[in-house]
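One structure is given below, encoded as structure tokens.
Because the structure is predicted, anything quoted here is derived from the model rather than measured. Labels below follow one simple rule: chain letters A, B, ... track the order of the sequence lines, proteins then strands, and each chain is numbered from 1. FYI, side chains are in, hydrogens and waters are out, and symmetry mates aren't considered; it's all heavy atoms of this structure.
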2 protein chains.
Amino acid sequence: MSTITLADVAARANVSTATVSMVLRNRGRISDETRKRVLSAIDELGYVYNQTAANLRNRSSNQVGLLLHDITNPFYAEMTAGLSQEMERHQLMLFLANSEESVPRQQNFVDSLLQNNASGLVLCTARQTPSLFFETLKRRKIPSIMVVRPVADAHFDFVGTDNFLGTQLATQHLLNLGHRHIAFIGGSIDSTARAQRLGGYTSKLVENSIPVNSAWIVHSEASQSSGAKIAEQLFAAHPEITAALCYQDIVALGVMQALRKLNRQIGRDFALIGFDDITEASLVQPGLTTVSVASREIGRKAGELLYSRIQGNDEPPKRIILPPSLVIRESCGYTA
Amino acid sequence: MSTITLADVAARANVSTATVSMVLRNRGRISDETRKRVLSAIDELGYVYNQTAANLRNRSSNQVGLLLHDITNPFYAEMTAGLSQEMERHQLMLFLANSEESVPRQQNFVDSLLQNNASGLVLCTARQTPSLFFETLKRRKIPSIMVVRPVADAHFDFVGTDNFLGTQLATQHLLNLGHRHIAFIGGSIDSTARAQRLGGYTSKLVENSIPVNSAWIVHSEASQSSGAKIAEQLFAAHPEITAALCYQDIVALGVMQALRKLNRQIGRDFALIGFDDITEASLVQPGLTTVSVASREIGRKAGELLYSRIQGNDEPPKRIILPPSLVIRESCGYTA
DNA sequence: TTGTACGCGTTATCAT
DNA sequence: ATGATAACGCGTACAA
């Protein structure tokens, strides 16, 4: 069974391929009469449009790529859903890749996208991404939106959250509750986002004339177990700590484990705040107070912006920073 | 800046386009001499391979589609990661779509894939999928692997878990602990998977001469809140129930809420088992005993099978059923 | 190794 | 006003 082509349809309808093409794309001037003939020919033959051929001719495609480092992280899964929704609205197909923080894999994916004439990208790049990577993107002039992880290069569009403000909110909340010995737990040392979150925390301390104790600031991997291990050490060495702000909810969940092990009642004799507001935050006992960053909305906004870029919007690079909010549950007690 | 084509490279290297093509794809016999010339020409010109053109010529592509109904469900996110890994191994690009149980959206996605000459599909179809959908896939002869949700049509490859065995394991566990009043909570009435899980449960009861009480079998939506609501009603009407097997972990989490509200100690005066082993199951307090189905592995196996089909494997349809296992945590107490 | 027809839709230009 | 003609996008594979 050989493929049915536009030419076959044209023959059947006694028109030229040009006419069929115009009917398919609603362009040019076609009489209702012939349009009907063409449409029924399409129907009778069971013609399937060949996007590949169109792409080749147009030197473009309806495909965009999404690069993440961990789709199993609920935060990114949620963001993906938002983006996917937006892509569908615009009839764009979404390629997905999971770099798992591997720079070569990330590079492979982007190379493939370029070879496929992808018309845009949404990227949450791996941590050690070399600047050459960004240079290549710029040189190829492919619309690229960076998300969540800030990139030094201001040339790119960015959609993310206000890390600084987020931890300011959280820190202020702890201060309002009377805490003065507040730890900051988690994040990897070379992360820009961490620097920003740390900044929100320290700035609030300073603003309230509370000394910043660097021994209470520790980093960890983005996992529950790592958070637990780090926290245990920290609390053993510094029993004076009464509250902690975590870089991520995942880490906070680990800290919870540590606190339980040390027999400290979360919400009573210890206050804990996370960041991200992943689903789990509302499921644990007690519910985790956390900074919510509207992950789904980040996906949507990124999609919106990408689409406008693909349409030719050439305004200077944008930075869309979605305001975070503090979701108060039970992990800091009930006093507001 | 006009695109650099294969022809440009050929001109620069003083060879034919055929030669360049062969060098790029390591085919035919090319002398080391010319190969070097071609490679350096590619390098100098910064040539980028045009996959689109190749796809058109080959009437194929290196693209496969993954259709899910909810990427934010951790179970599917995990599966996606497994599939993504496998696709990358074979240099296949993965299209992702989130149907959110919408049949038209699902259809759109598959239509787009067909128009893009996708070489294969992995599908977890929406619940109300009409049989016409499957007919189309068969007619187009595109390799398609169904996952997780069993499909009536035995014509398709399937990768999933043994629902029946899973609930048998769980039910036996509860029986061993002495429970005789065991409820089955969750799943939607028209789900095949639910029928299978229900079968495992009832078969074990019958095997142990325990009457099946249909009043203890209730269904619910796949959400925590729905699970909680349903469970509350059930336990109020039937206080004699001392244990429950849930269709999904998500539902089990809701049931936990209900139990707390009713002041019943999970793991002490009530035993609860879930299904899926999502990450949350190990995070809640007490940890949820559940049937683990190796979601990541389902993704990998599906990818492996799909790849072999794309390569031309035309053995009869396969059903790969991964054995589930019971992960014992604390929600049934500590007695084994 | 090379020449070249081919895969299939698009669009600018031309014809009626 | 409508529609046809034909060159074009770029890599592939077969005959020479």
Side-chain angles (χ1 to χ4, degrees), chain A residues 1-39 41-42 45-63 91 111-112 114-119 140, chain B residues 1-39 41-42 45-63 91 111-112 114-119 140:
Chain A
M1 146 217 141
S2 68
T3 329
I4 286 151
T5 75
L6 222 171
D8 298 328
V9 176
R12 171 83 163 220
N14 278 315
V15 294
S16 74
T17 59
T19 306
V20 179
S21 178
M22 289 169 123
V23 169
L24 280 172
R25 321 190 334 132
N26 284 314
R27 292 229 180 141
R29 324 118 303 221
I30 305 286
S31 70
D32 255 21
E33 168 59 31
T34 46
R35 153 169 285 115
K36 254 178 223 152
R37 263 218 323 281
V38 170
L39 288 178
I42 287 177
L45 295 174
Y47 167 72
V48 176
Y49 183 76
N50 187 330
Q51 185 67 251
T52 311
N55 288 345
L56 174 59
R57 176 68 236 206
N58 295 331
R59 301 146 150 277
S60 75
S61 81
N62 61 337
Q63 303 167 354
Q91 323 235 50
D111 288 345
S112 295
L114 293 177
Q115 296 186 357
N116 278 282
N117 266 316
S119 47
R140 292 289 314 256
Chain B
M1 145 218 143
S2 68
T3 329
I4 287 149
T5 74
L6 220 168
D8 298 328
V9 175
R12 172 84 163 217
N14 280 315
V15 294
S16 73
T17 59
T19 307
V20 179
S21 179
M22 289 170 120
V23 168
L24 280 171
R25 311 186 311 135
N26 284 314
R27 292 220 183 148
R29 318 128 302 251
I30 306 285
S31 72
D32 256 21
E33 169 59 29
T34 47
R35 155 168 282 116
K36 254 177 225 154
R37 266 220 316 284
V38 170
L39 289 178
I42 288 176
L45 296 175
Y47 167 71
V48 176
Y49 183 77
N50 187 332
Q51 185 69 249
T52 312
N55 287 346
L56 173 58
R57 180 67 241 213
N58 294 334
R59 301 147 150 276
S60 77
S61 82
N62 62 336
Q63 304 167 354
Q91 323 234 51
D111 288 345
S112 295
L114 293 176
Q115 296 186 355
N116 278 282
N117 267 315
S119 47
R140 292 289 313 254

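- Per the geometry, OH belonging to Tyr49(A) stands 8 Å off C1' belonging to dT10(C), to the nearest Å.
- Regarding contacts with the backbone of dT1(C), every side-chain N or O of Thr19(B) stays at 4.0 angstrom or more from both OP1 and OP2.
- Here Thr5(B) does not reach the OP1 or OP2 of dG9(D): none of its side-chain N or O atoms lies under 4.0 Å away.
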Could you pull out the protein-nucleic contacts involving nucleotides 12-16 of chain C (nitrogen or oxygen on both sides, under 3.5 Å)?
none

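- The shortest distance between side-chain heavy atoms of Tyr47(B) and Thr3(B) does not fall below 4.5 Å.
- Atom CG of Leu24(A) is separated from atom P of dT10(C) by 7 Å (rounded to the nearest Å).
- Remark: P of dT2(D) and CG of Asn26(A) are 15 Å apart, rounded to the nearest angstrom.
- Distances from the side chain of Ser16(A) to the nucleotides dT11(C), dG7(C), dA4(D) place dA4(D) closest.
- As a whole-Å value, the separation of Glu33(B) CD from dT1(C) P is 9 Å.
- Computed from coordinates, the Arg37(A) CZ to dA4(D) C1' distance equals 13 Å when rounded to whole Å.
- When the side-chain nitrogen and oxygen atoms of Tyr47(A) are compared with OP1 and OP2 of dG9(C), one or more of them lie within a distance under 4.0 Å.
- Exactly one residue among Leu24(A), Val20(A), Val23(A) makes a side-chain contact (heavy atoms from CB on, under 4.5 Å) with Leu39(A). That residue is Val23(A).
- Applying the side chain to side chain donor-acceptor pair (under 3.5 Å) criterion to Ser60(A), with sequence neighbours excluded, gives no partner residue.
- OP1 or OP2 of dT1(C) lies within a sub-4.0 Å distance of a side-chain N or O belonging to Thr34(B).
- Considering Val15(A), Thr19(A), Asn26(A) in turn, Asn26(A) is the only one that fulfils the side-chain contact (heavy atoms from CB on, under 4.5 Å) rule with Arg35(A).
- Rounded to whole Å, atom P of dC8(C) lies 15 Å from atom CG of Leu114(B).
- Among the atoms of the strands shown, only primed sugar atoms or phosphate atoms (P, OP1, OP2) are found under 4.0 Å from some heavy atom of Ile30(A).
- Checking the phosphate oxygens (OP1, OP2) of dG11(D), no side-chain nitrogen or oxygen of Arg25(B) falls inside 4.0 Å.
- For the OP1/OP2 pair of dT2(D) and a distance below 4.0 Å, the side-chain nitrogens and oxygens of Arg35(A) include no atom meeting the criterion.
- Comparing dT12(D), dT2(C), dC10(D) by their closest approach to the side chain of Val15(B) singles out dT2(C).
- Annotation: side chain of Asn62(A) is in contact with side chain of Gln51(A) (closest heavy-atom distance under 4.5 Å).
- Atom CG of Leu45(B) and atom C1' of dC10(D) are 15 Å apart (whole Å).
- Looking only at side-chain heavy atoms (C-beta outward), Leu56(B) and Asn55(A) stay at 4.5 Å or farther from each other.
- For the pair Asn116(A) and Tyr49(B), the minimum side-chain heavy-atom distance is 4.5 Å or more.
- Both Ser21(B) and Leu56(B) lie near DNA chain D, and the one whose nearest nucleotide falls closer to the 5' end is Leu56(B).
- The residue among Arg27(B) and Asn50(B) whose nearest nucleotide of DNA chain D is located toward the 5' end is Asn50(B).
- Between Asn55(B) and dC10(D) there is no side-chain N or O to OP1 or OP2 distance below 4.0 Å.
- In this structure, the CD atom of Gln51(A) is 15 Å from the C1' atom of dG7(C), given to the nearest Å.
- For Thr17(A) and dG9(C), the shortest distance from a side-chain N or O to OP1 or OP2 is not below 4.0 Å.
- Looking at Leu45(A) and Arg12(A), their side chains come closer than 4.5 Å, going by heavy atoms from C-beta outward.
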